2 protein chains.
Amino acid sequence: MARPRTPILSQDRIVTAALELIDETGTLTLPLLARRLGVSMSSIYHHVANRAEIVEGIRELLSRDFPRPDPSLSWQDEVRRWMRAYRRIMVAHPHLIVEFSINPVTNETTLRAYEDLAEVLESAGFALETILEAITALDSFVCGSALELTALEQMWASYADRDLALGRAQRAAPWAAHSPEAAFELGLTGLILALERL
Amino acid sequence: MARPRTPILSQDRIVTAALELIDETGTLTLPLLARRLGVSMSSIYHHVANRAEIVEGIRELLSRDFPRPDPSLSWQDEVRRWMRAYRRIMVAHPHLIVEFSINPVTNETTLRAYEDLAEVLESAGFALETILEAITALDSFVCGSALELTALEQMWASYADRDLALGRAQRAAPWAAHSPEAAFELGLTGLILALERL
DNA sequence: ACCTGAACACCGTTCAAGT
DNA sequence: ACCTGAACACCGTTCAAGT
């Protein structure tokens, strides 16, 4: 076939297909991606430098769903909105958190989302030295929560039939093991309390 | 060589070497592990079922460093002790967090550590339904903090020379970007505050 | 029981060859 | 510029063959 009159591939097409693939199958591999695109594996390298660039493209795409700051909101509400948006994104694509945490952020859209959060805290009067601390803590918690989505529920399962505190807790609240939402809100509340004390 | 008079390998030897390997190189692969053990790759499979079992062996090994509950401590101090121990373990072996989060926990030692924490909360009077929530939030935060160790500092670097809030924050506190310890303590304080309100 | 080498089905990446 | 097929250096896993 060689070069087609109109290009089959593009960065966008590749990134979109990669996102679908990882959402459906849980993994992102070049052979499967090429198959889905109806193209040879090596063709992909004419549009992206490597696999990491595809992952970064997905991160860029998803980062567009972060809300922009709203001056009418308190910083607490801004933080809650930012964190819940982050979580919503990762819940929709749970297998991506590991991919994201392996490569550093380089795209502007994602960096902009962090920058927005920093500006919210800055204009709320937080001391500059505490802003990095605060963002690190918030980011740690939301990333960790996303990580748990795929991991922790399997652990609860191994406790269900044992007479231990965890087993009792689970029998008392069978929904809790599958409702990490409540745990997220608990932690978010705590983090904001800690920030208010600064 | 075939079968040696006295076995060269054992689960312990394999797991120990695997831990050294991942600490030194950042990755765990069977070929490199075999080389380090001075053995053929397929020999390993006579002692462990697969790669995941090696990772689980490492988790078991490290989990022995969790403190046992101390009845003389308040539940707050118990939680702090447990979280800091967890963090200390992961800081010493930052590349393992991704490995751990991929496979479910199956070994007794690690399960015991979670069970201990559950019992601390139970005898502190926490409602059973809230125990899973609390442990999930705590675990999320400490895992996320470990994940950041390798990831976030690279991101701060890309901000150092820009006139943005994050850049300003970093220039005001250059140490903060490399001291996730403070962020961890901030979040831990917040989580305990949230638990106290339950 | 325990080690080996060869084989298998993967993976990501490169590159000369085509249009 | 853009697609292909072949090649390369990896990876984890299996298995018959040796003692």
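Numbers restart at 1 for each chain; the letters A, B, ... are given by sequence-line order, proteins then strands. Predicted, not measured: the structure shown is a model, and the values here were computed from it.
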Q: State which residue, out of Thr110(B), Thr109(B), Asn107(B), fulfils the side chain to side chain donor-acceptor pair (under 3.5 Å) condition with Ser63(B).
A: Thr110(B)
Q.
Please report the distance, rounded to the nearest Å, between CG in Leu37(A) and C1' in dT4(D).
A. 15 Å
Q) Which part of the nucleic acid does Leu28(A) contact within heavy-atom distance under 4.0 Å: base, sugar-phosphate only, or nothing? A) sugar-phosphate
Q. Picking from dG12(C), dC2(D), dC3(C), which would you name as closest to the side chain of His46(A)?
A. dC2(D)
Q | Distance below 4.0 Å between Ser43(B) side-chain N/O and dT4(C) OP1 or OP2 | A | yes
**Q.** For dT13(D), the Watson-Crick or wobble partner whose two distances fall under 3.5 Å
**A.** dA7(C)
Q. Across all strands, who's sitting opposite dC2(D) as a Watson-Crick or G-U wobble pair, both distances under 3.5 Å?
A. dG18(C)
Q: Report the nucleotide, chosen from dT13(D), dG5(C), dC2(D), that has the shortest atom-to-atom distance to any side-chain atom of Arg51(B).
A: dT13(D)
Q. Which of these, Arg87(B), Arg84(B), Arg80(B), sits in a salt bridge (charged side-chain N to carboxylate O under 4.0 Å, His left out) with Glu185(B)?
A. Arg84(B)
Q) Under 4.0 Å between a Lys/Arg side-chain N and an Asp/Glu carboxylate O for Glu78(B) and Arg68(B)? A) no
Q.
Tell me whether the rings of Phe184(B) and Phe141(B) are parallel (<30°), tilted (30 to 60°) or perpendicular (>60°).
A. parallel
Q) Taking atom P of dC11(D) as reference, at what distance in whole Å does atom CD1 of Ile54(B) sit? A) 13 Å
(Q) In whole Å, I'd like the distance from the CD1 atom of Ile44(A) to the C1' atom of dC11(C). (A) 13 Å
Q. Under the 3.5 Å rule, do the base of dG12(C) and the side chain of Thr29(A) count as making a donor-acceptor pair?
A. no
Q. Atom CG of Leu21(A) to atom P of dG12(C): distance rounded to whole Å?
A. 10 Å
Q: Looking at every strand, decide which applies to Leu33(B) at a 4.0 Å heavy-atom threshold: base, sugar-phosphate, or nothing.
A: nothing
Q | Selection from dG5(C), dC2(D), dT13(C) that lies nearest to any side-chain heavy atom of Tyr45(A) | A | dT13(C)
Q: Would you mind telling me which of dC2(D), dC2(C), dC15(C) lies closest to the side-chain atoms of His47(B)?
A: dC2(C)
(Q) Between the side chains of Asp116(A) and Arg112(A), is the shortest nitrogen-to-carboxylate-oxygen separation below 4.0 Å, so that they form an ion pair? (A) yes
Q | Spacing of Arg35(A) atom CZ relative to dC11(C) atom P, expressed in whole Å | A | 10 Å
Q) Over how many whole Å does the gap from Glu53(B) atom CD to dT14(D) atom C1' extend? A) 16 Å
Q. Counting side-chain heavy atoms from CB outward, which of dC3(C), dG12(C), dT13(D) is closest to Met41(A)?
A. dG12(C)
Q: Compare the minimum distances between each of dT13(D), dC15(D), dC3(D) and the side chain of Leu9(A), then state the nucleotide with the smallest one.
A: dC3(D)
(Q) Nearest whole Å is fine: how far is dG12(C) C1' from Leu32(A) CG? (A) 13 Å
Q: Can you tell me the distance, in whole Å, between the CZ atom of Arg13(B) and the P atom of dC2(C)?
A: 13 Å
Q) With the threshold set at 4.0 Å, does a side-chain nitrogen-carboxylate oxygen contact exist between Glu119(A) and Arg168(B)? A) no
(Q) Using the side-chain heavy atoms of Ser40(B), tell me which of these nucleotides is nearest: dT4(C), dG5(D), dC2(C). (A) dT4(C)
Q: For the side chain of Pro31(B), starting at C-beta, report the closest nucleotide among dC11(D), dC2(D), dC2(C).
A: dC11(D)
